[in-house]
Amino acid sequence: MDKKSNKRKDSVYQKTEKLLRAYPALKEHVSDERAYMDMIFKGKSKSITSWSSTPSEFHEDQALHERFDSLQRSKTDIDRIEKAISKADVVPYMAVIEAAYFYVTDDGRRPTNEEIAQRLHMDPRTVSRHRKAGVERISVYIFGSDAIM
């Protein structure tokens with residue numbers, strides 16, 4: 001494997017970790033944005049294709065379009081993550097993945113492998129191996145061939 005392939009694989013691994021860390025926030029974002037969109041479109045068509053002729057309304061419509069596009073991207077990311085973490089070869093690693101990426105301690109930090117090991121009654125090295133194997137498998141489902149090149 002050449003250096004370029006190694007860099008891409010490392011980058012995909014890091015992107016997968018970023019997505020996993022963001023997953024709880026993305027879910028909250030989608031929920032909040034859906035509520036906002038429901039409020040905005042209450043009694044109106046759900047389409048946001050109309051553009052006004054006045055400059056201020058144009059900017060408001062554009063901002064709404066951008067917000068809607070962001071919501072769609074977030075929903076797509078959530079779907080990709082949820083499909084990946086439900087795969088049979090990922091499920092055995094999910095306790096570690098959830099503890100490492102979806103959980104935040106009371107003081108706002110992510111638990112260490114040692115803390116996860118204590119909580120899950122595992123050896124810290126097992127936590128590290130499960131974490132790495134789980135992220136690698138998830139990255140293939142999310143990024144395809146780029147995760148293995």
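Hydrogens, waters and symmetry mates are skipped; everything else that's a heavy atom, side chains included, is used. Positions are given from 1, in the same order as the sequence printed here.
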Checklist outcome for this item: Note: Phe102 and Met94 closest approach over all heavy atoms is CE1-CE, 4.1 Å
Checklist entry - Do we see a donor-acceptor contact under 3.5 Å between the side chains of Thr126 and Arg129? => result yes
Checklist entry - Taking ILVMFWY side chains as joined if any heavy atoms are under 4.5 angstrom apart, and letting links pass through other members, which residues group with Val91? => result none
Item to check | Side-chain heavy atoms of Lys132 within contact of Tyr13, under 4.5 Å | outcome: yes
Item to check | Heavy-atom side-chain contact between His29 and Ser70 under 4.5 Å | outcome: yes
Checklist outcome for this item: Here the pair of heavy atoms bringing Ser74 nearest to Leu26 is OG-CD2, 3.7 Å
Next on the checklist: Just verifying a value: how many Å separate His130 NE2 and Ile97 CD1, rounded to the nearest 0.5 Å?
Outcome noted: 10.0 Å
Next on the checklist: So Ile148 and Phe143, do their side chains get closer than 4.5 Å, heavy atoms only?
Outcome noted: no
Checklist entry - In terms of heavy-atom contacts, does CG of Asp106 have more than 12 from other residues, nucleotides or ligands at under 6.0 Å? => result no
Checklist entry - Can you find a heavy atom in the side chain of Arg137 that is under 4.5 Å from one in the side chain of Tyr93? => result yes
Checklist entry - Side chain of Ser128, backbone of Arg125: donor and acceptor closer than 3.5 Å? => result no
Next on the checklist: Is the distance from the ring center of Tyr101 to that of Tyr23 below 6.0 Å?
Outcome noted: no
Checklist entry - Per the side-chain contact (heavy atoms from CB on, under 4.5 Å) rule, which among Ile116, Val96, Asn113 passes with Met122? => result Val96
Item to check | Summary of salt bridge (charged side-chain N to carboxylate O under 4.0 Å, His left out) pairs that have at least one residue in residues 110-119, sequence neighbours excluded | outcome: Arg109-Glu115
Item to check | Residue of the set Asp69, Thr76, Leu71 for which side-chain contact (heavy atoms from CB on, under 4.5 Å) holds with Arg73 | outcome: Asp69
Item to check | Single hit among Ile81, Asp77, Val12, Ile85 for side-chain contact (heavy atoms from CB on, under 4.5 Å) with Ile142 | outcome: Ile81
Next on the checklist: As an exercise, state the distance from CD1 of Ile138 to CD of Glu136, rounded to the nearest 0.5 Å.
Outcome noted: 10.5 Å
Checklist entry - Thinking salt bridges, do Glu82 and Lys87 make one under a 4.0 Å N-O criterion? => result no
Checklist entry - Would Lys27 and Lys75 count as a side-chain contact (heavy atoms from CB on, under 4.5 Å) if you check the C-alpha gap in whole Å, the side-chain angles of each, and the deciding distance to 0.1 Å? => result CA-CA 8 Å; Lys27 286 182 74 162; Lys75 286 168 54 177; over 6 Å; no
Checklist entry - Is it true that Leu120 and Val90 fall in one hydrophobic cluster, defined by side-chain heavy atoms closer than 4.5 Å? => result no
Checklist entry - Once you round to the nearest 0.5 Å, how far does CD of Glu33 lie from CD of Gln72? => result 11.0 Å
Checklist entry - Any side-chain heavy atom of Tyr141 sitting closer than 4.5 Å to one from Lys83? => result no
